[in-house]
Amino acid sequence: MQHSAPPSPVLLTGMGGVLGEGLGACWPEETKSKMIIAGRRAPKSWMNTPFTSLDLSEGGRFAELLQRLQPKVLLYAAAESRISVCEESPKEAKQVNLLSLQECLPLLQEIGTRLVYISTDQVFDGTQPEILENDFPSPIHEYGRQKAEAEAHVLEASQVVVRIPLLLGPLVEKGREGADAWVLRATMNQTPLSLFTDEYRAAASARSLAPALLQILYGDGTGVYHLAGHRAWSRWEIAQKVCQHANVPWIHEPASLKDWTGTPRPPRLFLTCERAQAELGFHPPDLRQSLAALPQQPKD
Ligand SMILES: NC(=O)c1ccc[n+]([C@@H]2O[C@H](COP(=O)([O-])OP(=O)(O)OC[C@H]3O[C@@H](n4cnc5c(N)ncnc54)[C@H](OP(=O)(O)O)[C@@H]3O)[C@@H](O)[C@H]2O)c1
């Protein structure tokens with residue numbers, strides 16, 4: 001269901017990464033101009049959108065901002081999403097992934113703000129062939145646990161959780177790029193990657209998810225939505241398709257999760273999107289569609 005006129009203002013956090021780049025590239029300029037970005041710095045792909053400074057690691061700042069702006073809708077995509085950083089500095093990561101939001105949930109209710117919380121397939125252990133919207137999270141690392149706990153609070157407050165998969169998208173800045181850009185950069189640098197043949201992800205470009213995410217933002221559904229690619233491919237297969245699409249030589253090597261000794265990795269994460277398909281007319285993109293939606297990657 002859509003509101004007759006888009007609610008305003010809409011406040012967005014966490015637009016400085018691959019997701020933000022994709023939404024910034026796809027959402028109409030007139031829509032973006034009625035939104036407000038809050039973050040530590042203005043993201044490049046949102047230059048025409050008003051920006052306000054916010055560091056979520058500073059306690060109390062977020063509540064002040066919400067009081068001042070009284071947003072009708074809040075998209076909470078800010079996160080410490082680097083799995084290794086969450087393992088090494090769980091307290092700092094938890095402030096952004098969970099506590100800042102949790103502290104403000106009563107205030108959001110008081111203001112009457114619709115909250116859309118961006119979550120991840122990483123809240124699951126990856127042992128199921130496919131994951132349905134109402135499956136119960138089963139995280140196996142700190143990032144997944146923090147996101148799963150945040151989800152639980154958001155759902156208890158009758159708000160919205162959107163789980164998204166491994167994202168494809170261009171290099172935004174050093175350390176921030178889609179899974180495809182990472183493979184292409186290594187290929188251009190002639191640095192062979194070891195790619196898992198037994199780790200599966202239903203990857204999708206942020207751009208291919210952008211229209212459905214806008215519908216959710218302006219809609220009135222609550223609970224969990226999944227937005228993901230139409231099937232799961234191994235990391236190895238994803239990289240092959242990326243290199244074929246970009247017409248670059250194949251230099252990478254196969255690897256197996258069985259030999260992985262770092263933070264546990266869910267072997268198979270396939271978010272099915274039945275609710276988004278039924279309610280929003282969302283078509284889970286196949287890899288070719290996701291790659292075609294992306295800008296041409298620089299070849300050197
Ligand atoms: N990328 C993926 O493959 C993927 C997959 C599934 C789910 N997700 C989810 O999608 C969302 C966006 O991820 P992403 O990969 O596009 O972005 P990202 O590279 O993880 O960047 C995170 C965003 O959060 C902001 N942020 C981090 N700490 C902050 C703080 N203390 N105060 C204010 N803002 C802070 C960052 O701001 P700065 O620019 O100032 O650092 C940036 O805009 C996250 O919620 C993530 O969990 C991502």
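Atoms within each ligand, like the ligands themselves, are counted from 1 in listed order. Position 1 is the first residue of the sequence; numbering continues from there.
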For ligand 1, is any non-hydrogen atom under 4.0 Å from [X]'s backbone (N, CA, C, O), its side chain (CB onward), both, or neither?
X: P43; result: neither
X: A179; result: neither
X: Y76; result: neither
X: E21; result: neither

What I want to check is whether the side chains of [X] and [Y] have a donor and an acceptor closer together than 3.5 Å.
X: S33; Y: N48; answer: no
X: Q122; Y: H141; answer: yes
X: E279; Y: Y225; answer: yes
X: T191; Y: N189; answer: no
X: T197; Y: S234; answer: no
X: T272; Y: E130; answer: no

Contacting atoms of ligand 1, where contact means under 4.0 angstrom from a heavy atom of [X]:
X: V18; value: 14 (P), 16 (O)
X: G17; value: 16 (O), 17 (O), 19 (O)
X: R41; value: 38 (P), 39 (O), 40 (O), 41 (O)
X: A77; value: 11 (C), 12 (C), 44 (C), 45 (O)
X: A78; value: 24 (O)
X: A79; value: 22 (C), 24 (O), 27 (C), 44 (C), 45 (O), 47 (O)
X: L54; value: 32 (N), 33 (C)
X: L166; value: 3 (O)

Check your understanding: Under the 6.0 Å and 45° cation-pi test, does R235 pair with W233?
Key ->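 No.
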
For [atom], which of the options [options] provides the nearest non-hydrogen atom?
atom: atom 25 (C) of ligand 1; options: A150, S53, G14; answer: G14
atom: atom 6 (C) of ligand 1; options: D121, I164, T13, L56; answer: I164
atom: atom 19 (O) of ligand 1; options: R176, R201, K147; answer: R176
atom: atom 4 (C) of ligand 1; options: L12, L271, L167; answer: L167
atom: atom 28 (N) of ligand 1; options: M15, E80, R40, E173; answer: R40

Presence of salt bridge, [Y] and [X], under 4.0 angstrom:
X: K94; Y: E142; answer: no
X: R275; Y: E133; answer: no
X: R82; Y: E80; answer: yes
X: E29; Y: K34; answer: no

How about [atom1] on [X], more than 12 heavy atoms from neighbouring residues, nucleotides or ligands closer than 6.0 Å, or not?
X: Q109; atom1: CD; answer: no
X: E253; atom1: CD; answer: yes
X: R231; atom1: CZ; answer: yes

How far is [atom] from its nearest protein heavy atom, and which residue and atom name does that atom have?
atom: atom 9 (C) of ligand 1; answer: I118 CG2, 3.7 Å
atom: atom 47 (O) of ligand 1; answer: Y143 OH, 2.6 Å
atom: atom 5 (C) of ligand 1; answer: P165 O, 3.1 Å
atom: atom 43 (O) of ligand 1; answer: G16 N, 2.8 Å
atom: atom 16 (O) of ligand 1; answer: L19 N, 2.8 Å

Point to revise | Any N/O pair S81/ligand 1 closer than 3.5 Å | key: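 Yes: some nitrogen or oxygen of S81 is under 3.5 Å from one in ligand 1.
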
Check your understanding: Does any N or O atom in D55 lie less than 3.5 angstrom from one in ligand 1, N or O only?
Key ->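 For ligand 1, there is an N or O atom that lies under 3.5 Å from one belonging to D55.
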
